[in-house]
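First the structure, in the form of structure tokens, and then the observations on it.
Please read these numbers as outputs of a predicted model, since none were measured by experiment.
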Amino acid sequence: MDSLSRRGLLAGTLAGALGTAGCGSGHGAPAPASGRAPASASAPSASSSGASAASSGPSAALPQFAPWQPSGNDIDPQVKLRAAQLIEALGGWPTGQQGLAAARGRVSALGLDPALAAQAGPLLPDAPAASLEALEAQYGGILSDSASVLVVCRQWTRNQQGLVVPGGTTVDVRLSQARPRWTVTALHPAQPGPAAGSLPAAAQRVLASSAITLPPAAEADVRSGNVHQSALEALLTLTGKYRMELSVVRSGHPTDVFGTDRPSDHPKGRAFDVWRIDGHEVVDPATPKSLVEGFMRAAAAAGSYNVGGPWLLSGGAPDQFFSDDTHHDHVHAGFDS
């Protein structure tokens, strides 16, 4: 995300129905520090793009997940929870509950406008059953009366032949303040575009790196060939010292810096956001401050002109480091060349 500005798991099962400007750019019993909760069941292995081999047969059950929960350290946990609950309801359904009409009912049960189901896009494939895992819910921006929450997810669907197919996306969920709870006003699913016929070496190395974890939409961004060389090279440089889990690269992010009319670096393929470093969530108060600060400085040294995070760092070029409520839960690295 630009200046100026949990991992719990989503419910989608076969057994039941389930003020600061923005970034330009939880498993079982909650852990005391982060408030996340552990997985209720392990998911089948899948590539981060959702393009791994599908499985079929009577034993090919869809994975099940506990609902995503925000960290107690989030700026406004209930805003994120509201967004994640909607994506959970849209992207997971038991056998026979597919389709727009059923999705409208699931949205209505949350007290939200059922018309939002028509904006779900890739979350509503034509499949008899689906389950969904929310990897992270990150702010794309938060103001006193409006917010953008980027819900990063994986989805598994079972088709008519019993084949279980992995996929997933990132959805920019827009919310506005309302009583007694924030309400959702719009959904903007990621549109990474088709995979390129050939990729530069840096993109291939990013995709192959065991130190870089890309969720489905972010991996598709890299495969599209539309991520700038400077961002790719910086990621590779950072792998020399860190393991990173990315939330957003190019798609699924607000086009403009939230709350402004300034273009974000993300849609231009010149930015990436990292929500977990060396296995530690940026938002978790138990994460060593030195780890996050070190990563931010390393991103700057790797070429980022615009590094945002939970703390404002000293040094660097003028305005190279920034911090605000939006970046309380991740590190943003933007590139201008």
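For Ser131 (side chain) and Pro63 (main-chain N/O), a donor-acceptor pair under 3.5 Å exists by modelled atom type. Put simply, the side chain of Asn73 gets close to the backbone of Val283: a donor and an acceptor are under 3.5 Å apart. Put simply, the side chain of Gln98 never gets that close to the backbone of Pro125: no donor and acceptor are under 3.5 Å apart. Side chain of Ser71 to main chain of Asp284: no donor-acceptor pair is present (N/O by atom type, distance under 3.5 Å, no hydrogens or angles). In this structure a side-chain-to-backbone donor-acceptor pair under 3.5 Å is present from Arg106 to Gln97. For Asn159 (side chain) and Val165 (main-chain N/O), no donor-acceptor pair under 3.5 Å exists by modelled atom type. A donor-acceptor pair under 3.5 Å is formed between the side chain of Trp93 and the backbone N or O of Ala127. Proximity of a side-chain donor or acceptor of Thr185 to a complementary backbone N or O of Arg174 within less than 3.5 Å is detected. At distances below 3.5 Å, at least one donor-acceptor pair connects side-chain atoms of Gln320 with backbone N or O atoms of Ser304. Under a 3.5 Å cut-off, the side chain of Ser146 and the backbone N or O of Ser176 do not form any donor-acceptor pair.
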Handout entry: CA sep, side-chain torsions, deciding dist, call: Leu62, Val164, side-chain contact (heavy atoms from CB on, under 4.5 Å)
Key = CA-CA 7 Å; Leu62 289 173; Val164 174; 3.8 Å; yes

Practice task
Evaluate the criterion side-chain contact (heavy atoms from CB on, under 4.5 Å) for residue pair Leu132 and Phe65; output intermediate values, then yes/no.
Solution key: CA-CA 8 Å; Leu132 185 144; Phe65 304 98; over 6 Å; no

Exercise for the section: Kindly indicate, with the supporting measurements, whether the criterion side-chain contact (heavy atoms from CB on, under 4.5 Å) is fulfilled by Val227 and Phe272. Expected result: CA-CA 9 Å; Val227 179; Phe272 57 80; over 6 Å; no

Exercise for the section: Check step by step if side-chain contact (heavy atoms from CB on, under 4.5 Å) holds for Thr287 and Val282. Expected result: CA-CA 7 Å; Thr287 296; Val282 172; over 6 Å; no

Practice task
Apply the test ring pair (Phe, Tyr, Trp, His ring centres under 6.0 Å) to residues His327 and Phe322: give CA-CA distance (whole Å), side-chain angles for both, the deciding distance (0.1 Å), then the verdict.
Solution key: CA-CA 9 Å; His327 297 82; Phe322 71 95; 4.7 Å; yes

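Annotation for Asp221 and Pro192: closest pair OD1-CB, 3.3 Å, computed over non-hydrogen atoms. When every heavy atom of Pro310 is checked against every heavy atom of Met296, the shortest pair comes out as CD-SD, 4.5 Å. Between Ala299 and Ala333 the shortest heavy-atom distance is CB-CB, 4.3 Å. Here the closest heavy-atom approach between residue Val107 and residue Ala117 is recorded as CG2-CB, 4.3 Å. Counting all heavy atoms, side chain and backbone alike, Ala202 lies closest to Leu236 at O-CD1, 3.8 Å. Smallest separation of non-hydrogen atoms from Pro288 and His280: CD-ND1, 4.3 Å.
Leu112 contributes atom CG, which lies 7.5 Å from atom CZ of Arg181 (distance to the nearest 0.5 angstrom). Atom CG in Leu143 sits 10.0 Å away from atom CG in Asp325 (nearest 0.5 Å). Here Arg270 contributes atom CZ and Asn306 contributes atom CG; the two are 13.0 Å apart, rounded to the nearest 0.5 Å. Considering OG1 of Thr237 and OH of Tyr242, their distance stands at 12.5 Å, rounded to 0.5 Å. In this structure, OG in Ser230 is found 8.0 Å from CG in Leu232, a value given to the nearest 0.5 Å. To the nearest 0.5 angstrom, Thr170 atom OG1 is 10.0 Å from Ile87 atom CD1.
Following chains of ILVMFWY side-chain contacts shorter than 4.5 Å, one can reach Trp182 starting from Val171, so the two form part of one hydrophobic cluster. Both Val173 and Leu116 are assigned to one and the same hydrophobic cluster, defined by single-linkage of ILVMFWY side chains at heavy-atom distances under 4.5 Å. Under the 4.5 Å side-chain heavy-atom criterion for ILVMFWY residues, a single connected hydrophobic cluster contains both Leu187 and Ile142.
More than 12 heavy-atom neighbours from other residues, nucleotides or ligands sit within 6.0 angstrom of CZ on Arg297. Atom CD of Gln191 is surrounded by 12 or fewer heavy atoms from other residues, nucleotides or ligands within 6.0 Å.
Residues Arg154 and Pro166 form no side-chain contact, since every pair of their non-hydrogen atoms from C-beta on lies 4.5 Å or further apart. Proximity of Asp278 to Phe295: side-chain heavy atoms (C-beta onward) are nowhere separated by under 4.5 Å. Using a 4.5 Å heavy-atom threshold, the side chains of Pro189 and Leu123 count as separate. Between His228 and Phe335 the shortest side-chain heavy-atom distance does not fall below 4.5 Å. In this structure, Ser323 and Leu313 have side chains that are not in contact, with every pair of non-hydrogen atoms separated by 4.5 Å or more. Counting only heavy atoms from C-beta outward, the side chains of Arg262 and Asp256 never approach each other to under 4.5 Å.
Only one option out of Thr213, Ile212, Val152, Asp273 pairs with Leu246 in a side chain to side chain contact (heavy atoms under 4.5 Å, CB included); it is Ile212. Between Leu214 and the options Glu219, Met244, Glu245, Arg223, a side chain to side chain contact (heavy atoms under 4.5 Å, CB included) holds for only Glu219.
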